[in-house]
Amino acid sequence: MSELITADLVDLDLSADTKEAAARSLAERMVAAGRVTDLDGFLADVAAREAQMPTGLDGGIGIPHCRSEHVTEPTLAFGRSAARIDFGAPDGPADLIFLIAAPAGADSDHLTILSSLARQLMNAEFTGALRAAEDPRQAAALIRGDQPEPSAADAEASTKTPAADASGDQATAASGGQAAAAAGAASGAAASGAGSEPAAAAASEPFRVVAVTSCPTGIAHTYMAAESLERAAQDAGIELVVETQGSAGFDRLAPATIAAADAVIFAHDVEVRDKERFAGKPTVDVGVKAGINRPAELIAEVREKAARGETSAPAAASAGADRSAPMDRAGESGDRFGTRLRKWLMTGVSYMVPFVAAGGLLIALAFAIGGYEIASAKSVADHFVWAEKDSWAALLFQIGGAAFTFLVPVLAGYIAYGMADRPGLVPGFVGGYIATTIKAGFLGGLVAGLIAGAVVMGIQRFKVPASLRGIMPVVVIPLISSAIVGFLMFVVIGKPIASAQKGMTDWLNGLSGTNAIILGVILGLMMCFDLGGPVNKVAYAFATAGIGVSDPSTGSLKIMAAVMAAGMVPPLAMALATTVRGQLFTKTERENGKAAWVLGASFISEGAIPFAAADPLRVIPSSMVGGAVTGALSMLFDCTLRAPHGGIFVVPLIGQPFLYLLAIAAGTAVSAGLVIVLKGMRKTTPSETATPAVGGEPATGAGAGGETKVPVTV
């Protein structure tokens, strides 16, 4: 493999006067060296990266860089400009210009080399040596980290003035000794102040910070910000650990490290992956260049926030809250297989749900406007009349149907993504699409996703020659994994799964009487067990997969109706309970109860989470009982539903709508009644009983405004 930089890629007298001219001059050297195949195409990629954010850094440094399909191997060209060139740095133009070129599929080894260079740029001795270099060979060796070859001037100086060199060495040693003495004095001063126990505790437990750095390309700024923060932390005498989310991937900070941290610094220009890990801690959130240019200020700012007790939002779930990608919450290496499997499946489900919601509601609107016969309308691409209501209904139906065609491929693709990251997407989507073509349905998508992820993980275990690493993620892995998954789905396991899917569909269509009621009870319990959590989502995904076909069966429509009805019960029940017996709830809970009416009516089960979090042993069992009643009654009444969401707002699309509302009302009443009974049975202590106080003011048992405090739960 070629060296990252050679003397031919160094220009110590760069004559360009603009950043575009500088990039072109250095890129021409890369072309001459056979490292870049298309000069103009590569420069266009450099310009596109530069447009995202200026690449100038404080200290007279410019680092134009990009990943490009026109680069054959990771390459670095270096130019030194006496005239200095403006790269947008706050402190002015740059005299040291590094053009970093990485292939589109650059492997982690080379990206690690580039990240090491980026860290070196924060070292004043390194940049000073580059400014003093007298020939290209020295500069290239210095950048590579090799022992530089002495130039002719160096050799002459070493023979003529050994005494001067010796004195210089002595001065350097003396300077180093002074620095060491100063450090020792500082540590001694710190130790001298440790005469008291609190000071000793502070010395033994320093202030701890965790940081995350990332930039759009993930090659330079990511690692330079990390180096800058680490140096500033060392100067400030604090402990700092950085997670660099760069192109080479990232090593996730250990949960124990995050838990022990006193504060968090985000220096990023792309979204921090799995950001909720850091919730509830003092946080400074800035761009990546702030991490490079003013790290000491960021550390001081986050320490001030910690001293004030100022924290970021807690990681508690909330209705409609946007959560980070599930694969970013993938299990740690110590997780059991069952835990990891559940997270992989939930990754696929979470990405599928938006398609279900968008497609299902569009189809529901189409039925509301044009009736159920709109399903047989001609394609709006061939026939659309602006003034006709049915044309608009057909348009909505066909858009919704298009969204539904992605359900199984998205499910399979993102299950594989959860297992193997981006390389799993292609075989996952391919396997999911095949599952739809052979009518293997939801089960086929699950299996295809798991197989695709497993195949990719298996391929990634093989050691390949360094020359092939760059094309592995974009060519080799998608090619081989797609071929294997396609073969298995078409020839080996696809047909048995399709038969199983058909058998399950026929069974659902044949459900009646007691069997249907039992299924309704089970679905109701699942929907109310964790109020939007994994169990709830499994039941919901099971229901939506059933209606996510062009011609859903009656059994599937009944399941969808039971699932949505049961999911509405918990928030409606809590709203009813706070209305009927408000004295059993805090003032905050009574306010939440008003919002729960709307959330429950909209089929947002998370509306009951505040109540469940405060009193899980009473709220969750009560909700489950009510949900089971509603699910059973919905099945008993043969209610059907074609929309996957919408709550009471899609009642016109429900089969047996009045009986459906009756089932919801019954379950709500049962849950509310149980909550009231259970909360009324809890014990109170004498100190919690409100007693008159002198002057008519409320005693300790009453809150502001004479509000009676809620008894302590036991």
Side-chain angles (χ1 to χ4, degrees), residues 1-50 55 61-82 85 87 94-118 120-121 126-127 129-131 133-149 151 217 219-220 247-248 465-472 474-475:
M1 183 183 299
S2 302
E3 292 177 314
L4 186 71
I5 183 171
T6 63
D8 294 335
L9 296 170
V10 175
D11 186 352
L12 296 182
D13 297 301
L14 186 62
S15 60
D17 55 0
T18 65
K19 61 183 180 181
E20 291 80 10
R24 176 172 288 274
S25 177
L26 294 176
E28 287 173 348
R29 289 177 175 265
M30 293 182 176
V31 172
R35 309 289 187 92
V36 170
T37 58
D38 182 342
L39 177 63
D40 291 333
F42 171 66
L43 289 174
D45 292 334
V46 173
R49 170 62 187 88
E50 192 75 24
T55 54
I61 297 171
I63 51 166
H65 59 278
C66 72
R67 285 189 291 176
S68 173
E69 61 182 4
H70 307 297
V71 178
T72 60
E73 58 183 294
T75 301
L76 172 65
F78 169 64
R80 192 173 66 193
S81 169
I85 301 168
F87 276 86
D95 62 331
L96 303 181
I97 295 91
F98 300 84
L99 178 60
I100 302 174
D107 60 275
S108 59
D109 292 340
H110 279 124
L111 290 172
T112 300
I113 294 173
L114 297 177
S115 71
S116 298
L117 169 67
Q120 280 288 86
L121 294 178
F126 176 74
T127 54
L130 284 177
R131 289 186 172 97
E134 297 184 0
D135 68 50
R137 289 181 302 165
Q138 277 186 305
L142 183 63
I143 293 171
R144 290 195 303 267
D146 300 341
Q147 184 67 32
E149 299 177 11
S151 64
T217 305
I219 293 177
S247 293
S467 58
L468 294 179
R469 291 177 187 169
I471 64 171
M472 286 295 290
V474 293
V475 178

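What's counted below: heavy atoms across the whole structure, side chains too, no hydrogens, waters or symmetry copies.
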Trainee: Please state whether the rings of Phe78 and Phe98 are parallel, tilted or perpendicular, taking 30° and 60° as the class boundaries.
Mentor: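 Plane angle between 30° and 60°, so tilted.
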
Trainee: Once you round to the nearest 0.5 Å, how far does CG of Asp11 lie from CZ of Arg80?
Mentor: 9.5 Å

Trainee: Walk me through it: do Thr75 and Val36 pass the test side-chain contact (heavy atoms from CB on, under 4.5 Å)?
Mentor: CA-CA 9 Å; Thr75 301; Val36 170; over 6 Å; no

Trainee: With rounding to the nearest 0.5 angstrom, report the OG1 to CD distance, Thr55 to Glu50.
Mentor: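 Reported value, rounded in 0.5 Å steps: 3.5 Å.
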
Trainee: Just wondering, do Leu9 and Met30 contact through their side chains at under 4.5 Å, heavy atoms?
Mentor: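 The answer is yes; the side chains approach within 4.5 Å.
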
Trainee: Kindly give the heavy-atom pair with the smallest separation between Val71 and Ala101, and that separation in Å.
Mentor: CG2-CB, 3.8 Å

Trainee: Closest heavy-atom contact between Ala94 and Gly62?
Mentor: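 Heavy atoms of Ala94 and Gly62 come nearest at CB-N, 3.5 Å.
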
Trainee: Closest heavy-atom contact between Ala7 and Pro136?
Mentor: O-CB, 3.6 Å

Trainee: Output, in order, the C-alpha distance, side-chain angles, deciding distance and verdict of side-chain contact (heavy atoms from CB on, under 4.5 Å) for Phe126 and Ile143.
Mentor: CA-CA 8 Å; Phe126 176 74; Ile143 293 171; 4.2 Å; yes

Trainee: So, taking the atom named CZ in Arg24 and the one named NZ in Lys19, what distance separates them when rounded to the nearest 0.5 Å?
Mentor: 15.0 Å

Trainee: Can you tell me how far CG of Asp40 sits from CG of Asp38, rounded to the nearest 0.5 angstrom?
Mentor: 6.0 Å

Trainee: Find the distance between CD1 (Ile97) and CG (Leu26) and round it off to the nearest 0.5 Å.
Mentor: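 Interatomic distance, Ile97 CD1 to Leu26 CG, rounded to 0.5 Å: 7.5 Å.
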
Trainee: Return the minimal non-hydrogen interatomic distance between Val46 and Pro64, and the atom names on each side.
Mentor: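 Minimum heavy-atom separation between Val46 and Pro64: CG1-CB, 4.1 Å.
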
Trainee: For the side chain of Ser81 and the backbone of Asp95, is there at least one donor-acceptor N/O pair under 3.5 Å apart?
Mentor: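 Checking the backbone N and O of Asp95 against the side chain of Ser81, no donor-acceptor pair under 3.5 Å is found.
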
Trainee: Return the set of residues passing salt bridge (Lys or Arg N to Asp or Glu O under 4.0 Å) with Arg144 (not counting sequence neighbours), or none when no residue passes.
Mentor: Glu3, Asp146

Trainee: OG/Ser68 to CG/Asp45 distance, rounded to the nearest 0.5 angstrom?
Mentor: 3.5 Å

Trainee: Are side-chain heavy atoms of Ile5 and Val10 found at a separation under 4.5 Å?
Mentor: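 A side-chain contact under 4.5 Å exists here.
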
Trainee: In chain order, what residues pass the side chain to side chain contact (heavy atoms under 4.5 Å, CB included) check against Asp8, with sequence neighbours excluded?
Mentor: Thr6

Trainee: Is any side-chain heavy atom of Leu99 closer than 4.5 Å to one of Arg29?
Mentor: no

Trainee: Any sub-3.5 Å donor-acceptor pair from Thr72's side-chain atoms to Gly34's backbone N or O?
Mentor: yes

